[in-house]
There are 2 protein chains.
Amino acid sequence: MEKIIKGNCLEELKNIDSEIVDLIYLDPPFFTQKKHSLTTRDNRINYQFYDIWHSLNDYLFMMKKCLIECKRILKKTGNIFLHCDKSASHHLRVLLDQIFLPENFRSEIIWSYKRWSNSKKGLLNSHQTIYFYSKTYDFKFNTIYTDYSPTTNVDQIWQLREKNDYGKSVYKKDKNGNIILAQEKKGVPLSDVWEIPFLNPKAKERVGYPTQKPVLLLQQIINISTDEGDLVLDAFCGSGTTCVAAKSLHRNFIGIDISEDAIALTQKRLNEMIITNSKLLEKGKTSYIEKSEDELFLLKSINAIPVQRNNGIDGFLKRQFNEKPIPVRIQKKDETLENAIASINNSEQAKKSDLKIVIQTNNYHQLFPLEDEKIIVIKSSELLIKEELQKVNMMVYNKSN
Amino acid sequence: MEKIIKGNCLEELKNIDSEIVDLIYLDPPFFTQKKHSLTTRDNRINYQFYDIWHSLNDYLFMMKKCLIECKRILKKTGNIFLHCDKSASHHLRVLLDQIFLPENFRSEIIWSYKRWSNSKKGLLNSHQTIYFYSKTYDFKFNTIYTDYSPTTNVDQIWQLREKNDYGKSVYKKDKNGNIILAQEKKGVPLSDVWEIPFLNPKAKERVGYPTQKPVLLLQQIINISTDEGDLVLDAFCGSGTTCVAAKSLHRNFIGIDISEDAIALTQKRLNEMIITNSKLLEKGKTSYIEKSEDELFLLKSINAIPVQRNNGIDGFLKRQFNEKPIPVRIQKKDETLENAIASINNSEQAKKSDLKIVIQTNNYHQLFPLEDEKIIVIKSSELLIKEELQKVNMMVYNKSN
DNA sequence: TGGAATAGTGAATCTCATC
DNA sequence: GGATGAGATTCACTATTCC
């Protein structure tokens with residue numbers, strides 16, 4: 001079943017039979033008290049909706065009525081996910097406790113992401129909350145396993161453990177004192193903090209609808225709480241992300257939205273089914289990091305900001321010279337000092353600076369006298385220490401002769 | 001001021017003058033309805049406390065009274081951080097809204113960590129929430145800057161941009177078509193999701209107290225919301241992490257706890273922060289909780305192992321000389337080089353070494369020629385750069401005359 | 001006075017030139 | 001031509017300026 005309904009969510013929910021839905025995902029207005037508006041990239045359609053309410057009670061009253069209907073249509077094994085942000089999350093969870101009861105609270109999922117924004121006085125917001133409740137204790141759940149953390153001790157994965165007399169966890173041993181191997185391990189169960197990249201402004205998946213969520217987020221929710229063929233419902237479907245995710249995972253779905261534009265957009269997306277894989281998730285954050293730990297410490301020790309993705313520059317100082325940035329280049333292990341200097345000079349960005357710094361890290365290659373006023377060469381502290389130690393060793397050697 | 005008070009938090013708070021505290025951190029029982037108990041590694045002390053309540057209302061009534069007192073003692077520029085977990089966070093935030101008002105809500109901080117799995121049905125719980133409210137709009141806040149994301153390229157942070165006629169953002173150019181460089185950049189402001197490792201069960205820092213929080217977490221809170229000399233209060237101080245963090249950052253503090261054991265433990269931890277030189281080596285890799293970040297980076301950049309602050313030594317090189325350790329001393333901000341050298345020479349531990357290293361970090365005091373063969377003085381990279389920049393500035397000045 | 005325009009942001013993508 | 005990498009681009013941001 002694929003159903004997209006234009007209409008008021010409260011009224012439309014009333015038309016749905018009881019106990020037939022496996023998963024409800026709700027992404028209602030967050031009570032931001034703002035008008036949200038965004039235009040498609042071709043400037044042809046301006047999507048907007050008003051998240052402005054007379055009072056908090058108005059908002060909560062609407063949400064309460066909606067949640068009551070949701071509970072009714074949910075199967076006994078069904079789950080509900082309510083997406084909110086800091087604006088009203090606490091009030092919404094109080095509602096959820098009222099309607100679904102505290103014992104059916106399953107998780108507070110944190111969707112965390114990095115975002116572009118100007119600095120403000122205070123901390124940069126970079127997460128939203130998704131409350132996960134089930135209708136009963138007997139809820140459907142598929143455990144997803146993720147990779148072990150790199151710091152995990154392999155011994156702990158392979159060996160069975162038990163609690164000793166003091167309640168401490170120790171490796172279990174048989175009568176002969178041999179360790180006992182554990183059963184098959186699948187990885188670490190998925191945690192309740194989900195680092196999923198925010199839908200990037202440049203992503204093809206973006207359709208120009210404000211508050212659009214990444215398909216990946218919805219796929220994860222659908223994966224843990226439903227099986228193929230199950231019925232998914234989104235009562236505020238907006239740009240239709242839930243429907244797209246459900247379709248891609250072969251689930252049945254019902255999408256409801258009050259806006260004509262939203263319904264049209266959802267239909268269009270279902271026909272095109274454009275889902276961009278996050279390159280960042282695919283390749284992993286670490287694949288973008290080109291600097292070694294040593295280089296990072298060195299940069300930090302001179303109060304420089306590290307930059308990746310640039311051949312000539314490793315970072316730049318926090319202070320400026322002539323109101324221009326001061327780029328820094330660290331001599332690489334097998335690089336001559338000349339090459340290091342050439343490298344920073346070739347960098348398109350560094351060319352615009354009046355002063356550049358090269359940090360020398362080894363002495364394998366002698367440097368001919370430097371003419372360029374715009375380049376400062378500094379020996380790294382480690383190199384200086386190495387040189388001094390050599391001097392002292394020489395003295396010790398000479399004396400003992 | 002350093003004050004550790006044994007007593008009921010409500011009563012003790014009442015004895016504190018109004019509007020004198022800069023930062024309150026509260027880590028109350030979370031309403032888990034459980035008894036928490038943990039034993040020290042040597043099995044000698046069993047710490048425990050009861051987080052069992054007659055009803056949610058009982059719990060909230062206690063917290064409400066506590067928060068009202070907190071508001072009273074907080075300065076007009078003061079901040080409060082309330083640490084909670086999923087058990088009652090929503091109710092606590094409703095309380096905070098009531099007492100501190102919604103407009104003084106600053107952030108919902110997510111402390112996320114990796115944890116051992118006890119595979120249950122559902123998502124692995126791996127975060128806690130810290131609510132950040134201020135007393136007024138005019139609150140104290142120090143922005144901390146973090147590194148740019150590895151996916152960020154230099155070009156855009158380096159170049160000034162403007163909106164063109166179509167409202168698109170493009171690089172700004174001068175009359176000659178050259179790009180214009182941007183202002184000074186400090187990095188990315190700290191976000192509200194903090195990934196700080198949960199106390200590793202084997203960590204030295206761990207003292208055997210249940211619900212113990214990492215010092216790093218508290219240091220971050222103290223850093224963003226107070227300056228040196230400010231007054232920090234923790235009304236449920238437990239194992240005393242807040243006090244340790246406050247002391248390490250040179251803040252005054254008051255810690256309150258009802259448990260005799262907790263008070264004793266806090267005192268013990270505070271006392272151990274002053275560690276005798278003789279204990280230094282046997283401890284080996286001691287925790288470096290009191291080192292400033294700058295010193296840490298400097299030590300790391302020369303491949304040295306940081307040691308806890310003592311009068312003479314900041315760290316040891318990983319390599320040895322004459323089969324003896326090489327201690328390192330970093331010249332402090334307001335310290336003459338002579339004093340730095342005297343300091344390391346006076347250190348009991350350093351006396352056993354054949355070679356010592358002093359890293360000079362400023363030029364305020366001239367150094368007379370050094371006779372001592374056993375001391376190597378190295379200028380820090382930052383100082384070297386500073387000197388070079390001064391030279392260049394002089395040249396620019398002379399030329400223009 | 002207070003909403004609207006605007007100017008400054010940086011994450012992560014897309015694009016396009018280069019190998 | 002596929003892979004690579006540098007550069008440009010866009011926005012559920014935020015603070016300031018502008019009427």
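Reminder, nothing fancy here: chain letters follow the sequence lines and each chain counts from 1. Just so you know, these numbers use all the heavy atoms, side chains as well, and skip hydrogens, waters and symmetry mates.
- Taking both residues in full, the closest heavy atoms of B:Asn104 and B:Tyr137 are given as OD1-N, 3.6 Å, listed atom of the first, atom of the second, then distance.
- Between the CD1 atom of B:Ile157 and the C1' atom of D:dA6 there is a distance of 14 Å, given to the nearest Å.
- We find that CD of A:Glu195 is positioned 13 Å from C1' of C:dA11, with the value rounded to whole Å.
- Checking A:Thr32 against B:Gln159, the closest nucleotide of DNA chain D that is more toward the 5' end is the one next to B:Gln159.
- C:dA7 atom C1' lies 16 Å from atom OH of B:Tyr171, rounded to whole Å.
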Discussion item. Protein within reach of the bases, or only the backbone? For nucleotides 12-19 of chain C, mark each nucleotide 5' to 3' as B, S or -, using heavy atoms under 4.0 Å.
Written reply: BBS-----
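- Between the side chain of B:Arg161 and the base of D:dT9, no donor-acceptor pair of N or O atoms lies under 3.5 Å.
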Item to complete: Let me have DNA chain D in dot-bracket notation, would you? Count Watson-Crick plus G-U wobble pairs, both distances under 3.5 Å, and use [ ] for pairs crossing earlier ones and | for inter-strand partners.
Response: .||||||||||.|||||||
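- Across all strands, B:Lys172 comes closer than 4.0 Å to no nucleic acid atom at all (heavy-atom distances).
- Straight-line distance from the CZ atom of A:Arg206 to the C1' atom of D:dC11: 6 Å, rounded to whole Å.
- A donor-acceptor distance shorter than 3.5 angstrom exists from the side chain of A:Tyr59 to the backbone of A:Pro29, with no hydrogens or angles considered.
- One atom, CH2 of B:Trp158, and another, C1' of C:dT9, lie 17 Å apart when rounded to the nearest Å.
- For the side-chain hydrogen bond (donor to acceptor under 3.5 Å, both in side chains) criterion with B:Tyr133, the lone passing option out of B:Arg106, B:Arg93, B:Glu103 is B:Arg93.
- Counting any heavy atom pair closer than 4.0 Å across all strands shown, A:Asn311 reaches sugar-phosphate atoms only and no base atom.
- Using bins of under 30°, 30° to 60° and over 60° for the plane-to-plane angle, the ring pair B:Phe297/A:Phe297 lands in the tilted bin.
- When atom types are taken as modelled, the side chain of A:Lys114 and the backbone of A:Phe198 share no donor-acceptor pair closer than 3.5 angstrom.
- Taking atom OH of residue B:Tyr148 and atom P of nucleotide C:dT9, one finds them 8 Å apart after rounding to whole Å.
- Cation-pi geometry between A:Lys121 and B:Phe139 is met: the NZ or CZ atom falls under 6.0 Å from the ring centre, inside 45° of the normal.
- With salt bridges taken as basic N to acidic carboxylate O contacts below 4.0 Å, none links B:Asp138 and B:Lys76.
- Residue B:Glu162 is classed as having no contact, given no heavy-atom separation below 4.0 Å to the nucleic acid.
- For A:Asp234 (side chain) and A:Thr242 (main-chain N/O), no donor-acceptor pair under 3.5 Å exists by modelled atom type.
- Rounding to the nearest 0.5 Å places OG of B:Ser112 at 9.0 Å from CD1 of A:Ile110.
- Between A:Lys121 and A:Asp27, it is A:Asp27 whose nearest contact on DNA chain D lies nearer the 5' terminus.
- As a whole-Å value, the separation of A:Leu123 CG from C:dT9 C1' is 17 Å.
- We find that CG of B:Asp192 is positioned 14 Å from C1' of D:dT14, with the value rounded to whole Å.
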